[in-house]
Amino acid sequence: SAQFIPPFTEDCRADMYPPNGPTFRAAVGWYTVDLDLPPSKRWTAVITEKKTDLANMIEAIKDLANAFVPSGRLIELVDIALPLMVNTLPDPFGEEIKGIAAASGLPLGEVVLFNIFYEVFTV
Amino acid sequence: CTSVVAEDDKGNLFHGRNLDFGLFLGWDVKNKSWTVSEKLKPLVVNLDFRRNNQTVFKSTNFAGYVGMLTGIKPHVFTLTMNERFSLDGGYIGILEWILGQRDGMWMSFLTRSVLENANSYEEAKTRLAQTKMLAPAYFILGGNSTGQGCIITRSRLLSLDVLEIDLKLGRWYVLETNYDHWKEPLFLDDRRTPAMKCMNQTTQPKMSLKTMYDVLSTKPVLNKLTTYTTLMQVSEGSLEAYIRDCPNPCMPW
């Protein structure tokens with residue numbers, strides 16, 4: 001049973017595993033990241049397959065940013081300033097992020113933003 | 001987020017987590033869901049990080065994100081991180097970084113380097129507890145021996161507390177959402193109480209990946225922000241992950 005007012009607590013669920021029903025959307029696929037490759041090449045396989053979804057997610061964040069700053073200045077700031085920041089990031093992260101931007105075709109600043117979002121989100 | 005490390009009565013350690021993200025980042029009225037959370041779900045991938053053709057560690061990640069939020073070093077330790085809110089937050093760390101003070105570590109780069117380079121539970125715990133960071137966080141760490149499970153509560157500079165499994169005290173699991181364990185959670189966002197109620201109802205002998213998934217599937221531990229659930233068992237070196245949905249009625253957070 002569940003209460004129909006927030007926080008919608010319900011009896012502790014049972015027999016949910018193996019995952020099934022409306023709370024289970026999909027299992028998660030596997031990819032290999034070869035750490036023997038140069039950092040800029042490690043994520044190419046993953047990103048080649050996921051670049052459309054990545055672009056969609058970053059577009060959603062840009063829509064949100066533009067909702068706050070309609071002039072587009074915020075996105076400009078991200079696209080101009082964050083590429084300068086990527087070279088300050090410790091190895092191998094800066095090079096890996098550049099490789100992801102190259103493989104996805106997305107602007108480097110926006111990939112940097114995605115990767116430092118935890119720290120930015122506190123704003 | 002909700003992360004749990006639990007030990008059953010045979011000494012097996014299980015580590016599970018719900019990754020919740022996207023709060024206030026755009027609400028989709030028609031679908032009653034958070035926009036960014038829904039856009040993140042297709043990006044969820046499991047990654048096998050290999051060197052010399054050997055698995056170094058495995059992780060559940062968002063494609064394009066080079067840091068780690070969820071991972072296992074098979075037969076050694078398991079690690080998840082949950083967000084911690086603090087006024088002394090990441091924006092101060094970013095400002096320091098821009099101004100040239102760069103001795104702190106970005107949160108997910110720290111977890112990545114620990115998964116990649118630490119070789120024991122104790123070494124991982126020391127690095128997570130003592131490395132200066134740009135933003136506060138909770139690290140939930142599981143080991144490969146009885147009693148090895150802890151929650152490290154981090155400010156940007158300090159380790160404020162380390163709560164460990166203590167079977168003698170009857171603490172057979174440690175569980176973290178997004179609030180310091182010695183304080184009450186925000187009354188509008190108490191996922192801790194229902195989660196602990198279900199863990200206690202499961203009981204230690206019946207703890208398994210299956211029952212941990214049940215706990216992580218109970219509302220509001222499962223909510224509209226939940227993008228994926230990951231289950232890890234260090235002794236098996238196993239990691240499995242599932243993309244989640246929360247049918248209405250369901251808490252937005």
Side-chain angles (χ1 to χ4, degrees), chain A residues 2 4 6-19 22-36 43 46-47 49-51 53-54 56-61 63-64 67 85 88-90 92-93 96-97 100 104 106 111 114-123, chain B residues 25-26 35-36 39-52 56 60 63-67 83 85 89-91 93-94 97-98 102 106-109 112 116 134-135 190 194 197-198 201-202 209-210 213-215 217-220 222 228 241-247 249-251:
Chain A
F4 285 95
F8 306 112
T9 46
E10 55 187 2
D11 289 347
C12 299
R13 303 305 302 266
D15 301 319
M16 299 293 281
Y17 190 94
T23 66
F24 165 64
R25 178 179 297 186
V28 173
W30 279 93
Y31 296 82
T32 295
V33 175
D34 185 350
L35 295 174
D36 293 320
W43 296 90
V46 178
I47 296 304
E49 199 158 316
K50 289 287 185 182
K51 63 186 171 185
D53 297 315
L54 184 58
N56 289 343
M57 193 278 294
I58 287 187
E59 198 57 36
I61 291 183
D63 291 344
L64 201 60
M85 196 176 196
T88 70
L89 298 179
F93 305 109
E96 289 190 6
I97 289 171
I100 287 170
S104 65
L106 290 169
V111 178
F114 181 41
N115 276 275
I116 63 170
F117 205 73
Y118 179 76
E119 283 77 12
V120 171
F121 189 59
T122 63
V123 173
Chain B
L25 294 182
T35 306
V36 171
K39 296 291 183 189
L40 281 171
K41 289 179 183 179
L43 287 173
V44 179
V45 288
N46 285 331
L47 298 173
D48 183 2
F49 286 82
R50 300 172 72 84
R51 185 183 289 127
N52 301 323
V56 178
T60 301
Y65 192 77
V66 299
E83 180 174 13
F85 310 111
Y91 59 99
I94 288 178
W97 187 275
I98 290 171
R102 300 190 182 142
W106 300 80
M107 179 280 298
S108 65
F109 296 166
R112 160 87 180 260
E116 203 163 321
L134 269 70
D190 182 4
K197 185 189 110 188
C198 293
Q201 193 170 304
T202 300
L209 291 181
K210 171 184 177 305
Y213 186 80
D214 289 338
V215 172
S217 298
T218 302
K219 297 172 190 175
L222 179 75
Y228 66 80
Y242 305 99
I243 298 172
R244 308 305 305 268
D245 276 323
C246 193
C250 179
M251 206 51 190

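Shortest non-hydrogen contact noted between A/V28 and B/I243 is CG2-CG1, 3.8 Å. The heavy-atom pair separating B/Y213 from A/P19 by the smallest distance is OH-CB, 3.2 Å. Between B/S217 and A/E10 the shortest heavy-atom distance is O-OE2, 3.7 Å.
Between the OG1 atom of B/T218 and the CE atom of A/M16 there is a distance of 7.0 Å, given to the nearest 0.5 Å. Note that CD1 of B/I94 is 6.0 Å distant from CE of A/M85, once rounded to the nearest 0.5 Å. Atoms CZ and NZ, from A/R13 and B/K219 in turn, are 7.5 Å apart once rounded to the nearest 0.5 Å.
Using a 4.5 Å cut-off between heavy atoms, B/L222 contacts chain A through its side chain alone, with no backbone atom that close. Of the two parts of B/R102, only the side chain, counted from C-beta on, holds a non-hydrogen atom closer than 4.5 Å to a non-hydrogen atom of chain A. Both the backbone and the side chain of A/L35 come within contact range of chain B, with heavy atoms under 4.5 Å apart. For A/P92, the part sitting under 4.5 Å from any heavy atom of chain B is the side chain, from C-beta outward, and nothing else. Only the side chain of B/K41 comes within contact range of chain A, with heavy atoms under 4.5 Å apart. There is no contact between A/D63 and chain B, counting heavy-atom distances below 4.5 Å. The contact between B/E83 and chain A is made by backbone and side chain atoms together, counting heavy-atom distances below 4.5 Å.
Of all the listed residues (A/I61, A/L54, A/I100), the one sharing the greatest number of non-hydrogen pairs under 4.5 Å with chain B is A/L54. Contacts with chain B were tallied for A/N115, A/T32, A/N56; A/N115 has the most, counting heavy-atom pairs under 4.5 Å. The most heavy-atom pairs under 4.5 Å with chain B, out of A/F93, A/F24, A/Y31, come from A/F93. Between chain A and the options B/W97, B/F49, B/Y228, B/F109, the largest number of non-hydrogen pairs under 4.5 Å is found for B/F109.
Without hydrogens or angle criteria, A/K50 side chain to B/P42 main chain gives a donor-acceptor distance under 3.5 Å. Using modelled atom types, no side-chain atom of B/D245 and backbone atom of A/T23 make a donor-acceptor pair closer than 3.5 Å.
Using a 4.5 Å heavy-atom threshold, the side chains of A/V120 and B/Y91 count as separate. Contact of the A/L89 side chain with the B/W106 side chain is registered, since non-hydrogen atoms from C-beta on lie closer than 4.5 Å. Contact of the B/R112 side chain with the A/E96 side chain is registered, since non-hydrogen atoms from C-beta on lie closer than 4.5 Å. Between B/V66 and A/I97 the shortest side-chain heavy-atom distance falls below 4.5 Å. Between B/Y242 and A/R25 the shortest side-chain heavy-atom distance does not fall below 4.5 Å. Counting heavy atoms from C-beta on, the side chains of B/T35 and A/L64 never come closer than 4.5 Å. You'll find the side chain of A/E119 reaches within 4.5 Å of the side chain of B/M107, heavy atoms only.
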Please lay out, stage by stage, how A/D15 and B/K210 fare under the test salt bridge (Lys or Arg N to Asp or Glu O under 4.0 Å). CA-CA 8 Å; A/D15 301 319; B/K210 171 184 177 305; 3.4 Å; yes
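For the pairing with B/Y65, the ring-ring contact (aromatic ring centres under 6.0 Å, His included) check across A/W43, A/F114, A/Y118 returns one residue only, A/F114.
At a threshold of 4.0 Å, the pair B/R51-A/D34 does not count as salt-bridged, since none of the basic side-chain nitrogens sits closer than that to a carboxylate oxygen.
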